[in-house]
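Notes follow the structure.
Source: prediction; values computed, not measured.
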Amino acid sequence: MPIRYFFKQLLLPPGGLLVLLLLAWWLRRRAPRLAACCLVLGLGGSWLMSLPVVVEWGARQIEREPALAEAQWGGLAQRAQAIVVLGAGREVADPAWGADQPSHIELERLRYAARLARASGLPLLISGGLHYGKPPSEARIGAEVLARDMNMATRWLEERSRTTWENAVYSAEMLHAEGIGRVVLVTSAAHMPRSRWSFERNGLQVIAAPVGFMGVANGRPLGGWMPESKAIWQNGMLLNEVAGLIAYPLFYR
């Protein structure tokens with residue numbers, strides 16, 4: 001496991017919140033005031049992370065790109081030369097399928113990319129490398145799903161990347177080699193700002209095609225002020241994007 005992954009999981013919620021609660025217990029006699037502060041931050045942060053209304057509000061701050069209107073799909077070939085869809089992890093060894101499968105987030109992206117490709121006639125590139133170094137790649141798994149379940153061919157597989165920045169670097173290399181400089185980029189709405197920045201930094205003109213918006217009315221009882229386990233996961237994803245938006249300009253030029 002990459003060391004950066006370990007530290008990211010340790011620092012970002014819920015890992016960071018659990019660390020605060022452990023510190024509160026450890027410091028309860030040595031430094032009671034500091035322990036109380038850690039306890040309040042840990043419990044308060046856990047409560048906020050569990051609220052759908054926080055997901056809704058947070059996503060609206062991050063999801064900057066509007067959805068691509070269906071009326072525009074057919075004309076994409078006049079504005080771009082290829083569709084790039086980004087991987088999003090995989091589910092390992094699902095017994096129902098007898099093999100690894102794309103995560104539900106990647107399936108959402110693949111389905112949307114297939115719709116765009118059918119409407120526009122543009123070729124597809126799937127970008128996604130190995131999951132902790134074990135084959136097959138996210139790109140290859142996604143291409144198989146497109147072929148078998150959606151009758152959609154994939155022209156390019158980018159199988160080396162492990163980060164969003166590498167998605168952009170290696171995809172740009174492949175596309176530039178074929179004279180392609182304008183792409184439709186498909187990824188989750190919250191992930192789009194960081195993805196677009198990375199692809200444009202690597203010399204590609206981007207038409208954003210975000211999918212999977214979370215900044216919409218949550219439709220939950222009491223307006224989303226009741227705790228929900230799904231919200232913890234969604235808020236974790238949003239915080240990961242905030243961290244990426246801060247870190248990428250510092251580490252990548």
Side-chain angles (χ1 to χ4, degrees), residues 1-63 86-94 100-106 128-134 138 161-167 187-191 193-195 198 212 214-215 218 220-252:
M1 179 184 295
I3 190 69
R4 63 187 176 191
Y5 177 84
F6 173 80
F7 281 110
K8 184 175 79 170
Q9 296 302 101
L10 181 65
L11 295 175
L12 288 177
L17 297 173
L18 292 174
V19 170
L20 284 172
L21 294 175
L22 288 173
L23 278 174
W25 179 84
W26 186 63
L27 294 169
R28 68 192 188 281
R29 294 179 180 173
R30 296 175 177 84
R33 290 184 180 180
L34 182 57
C37 183
C38 290
L39 181 64
V40 169
L41 289 174
L43 291 177
S46 298
W47 177 69
L48 289 173
M49 286 285 292
S50 71
L51 297 179
V53 71
V54 175
V55 176
E56 180 184 335
W57 179 86
R60 286 177 179 172
Q61 314 312 307
I62 299 172
E63 294 172 349
L86 303 187
R90 69 186 188 188
E91 305 301 333
V92 179
D94 188 325
D100 293 358
Q101 294 298 303
S103 70
H104 75 275
I105 297 176
E106 183 167 357
L130 299 179
H131 190 74
Y132 306 132
K134 297 180 180 180
E138 292 176 14
S161 59
R162 298 190 185 186
T163 65
T164 301
W165 178 257
E166 290 181 355
N167 286 146
T187 189
S188 303
H191 187 230
R194 180 159 58 109
S195 303
S198 299
M214 291 186 283
N218 61 75
R220 303 297 200 278
L222 301 180
W225 286 94
M226 291 291 289
E228 183 178 285
S229 59
K230 181 180 178 181
I232 297 174
W233 169 72
Q234 289 176 314
N235 275 314
M237 289 179 59
L238 293 174
L239 283 174
N240 182 68
E241 290 307 318
V242 171
L245 287 169
I246 295 170
Y248 268 43
L250 298 176
F251 291 101
Y252 302 117

To the nearest 0.5 Å, atom OG of Ser198 lies from atom NE2 of His191 at 7.5 Å
Looking only at non-hydrogen atoms, find the nearest pair between Pro102 and Glu91 and report the distance.
-> O-CG, 4.1 Å
So does Arg90 pair up with Glu106, basic N to acidic O under 4.0 Å?
-> no
Which atom of Trp47 lies closest to which atom of Leu51, heavy atoms considered = O-CG, 3.3 Å
Does a sphere of radius 6.0 Å around CH2 in Trp233 hold more than 12 heavy atoms from other residues, nucleotides or ligands, not counting ones at 6.0 Å or beyond?
-> yes
Enter the distance from Arg194:CZ to Thr164:OG1 here, rounded to the nearest 0.5 Å.
-> 4.0 Å
Judged by atom type as modelled, is there a donor-acceptor pair below 3.5 Å linking the side chain of Asn235 to the main-chain atoms of Met49?
-> yes
Tyr248 and Trp165 aromatic ring geometry - parallel, tilted or perpendicular at 30°/60° bounds | perpendicular
Find the distance between CG (Leu23) and CG (Leu41) and round it off to the nearest 0.5 Å.
-> 11.0 Å
Backbone N or O of Gly236 within a donor-acceptor pair of the Asn240 side chain at under 3.5 Å?
-> no
Scanning both residues in full, the closest heavy-atom pair of Ser195 with Leu86 reads OG-CD1, 3.5 Å
Find the distance between OG (Ser50) and CD1 (Ile232) and round it off to the nearest 0.5 Å.
-> 5.5 Å
Rounded to the nearest 0.5 Å, how far does CG of Leu17 lie from SG of Cys38?
-> 11.5 Å
Report yes or no: does Asn218 contribute a side-chain atom to a donor-acceptor pair with the main-chain N or O of Glu56 at less than 3.5 Å?
-> no
Within 45° of the ring axis of Trp57 and under 6.0 Å from its six-membered ring centre, is that where the NZ or CZ of Arg60 lies?
-> no
Quiz item: cation-pi between Arg30 and Trp26, 6.0 Å / 45° = yes
Of all heavy-atom pairs between Ala59 and Met214, which one has the smallest distance, and what is that distance?
-> CB-C, 3.6 Å
Short side-chain to backbone donor-acceptor contact, Gln234 and Val55, under 3.5 Å = no
Ignoring hydrogens and angles, state whether a donor on the side chain of Asp94 or Gln101 is under 3.5 Å from an acceptor on the partner side chain.
-> no
Mind listing the closest non-hydrogen atom pair of Lys230 and Arg220 along with its distance?
-> CD-NH2, 4.0 Å
For residues Leu39 and Ala24, report the shortest heavy-atom separation together with the two atoms involved.
-> N-CB, 3.7 Å
Could you walk me through whether Ile105 and Met237 pass side chain to side chain contact (heavy atoms under 4.5 Å, CB included), step by step?
-> CA-CA 11 Å; Ile105 297 176; Met237 289 179 59; 3.6 Å; yes
Gap between atom CG of Leu20 and atom CG of Leu27 - 0.5 Å precision = 10.5 Å
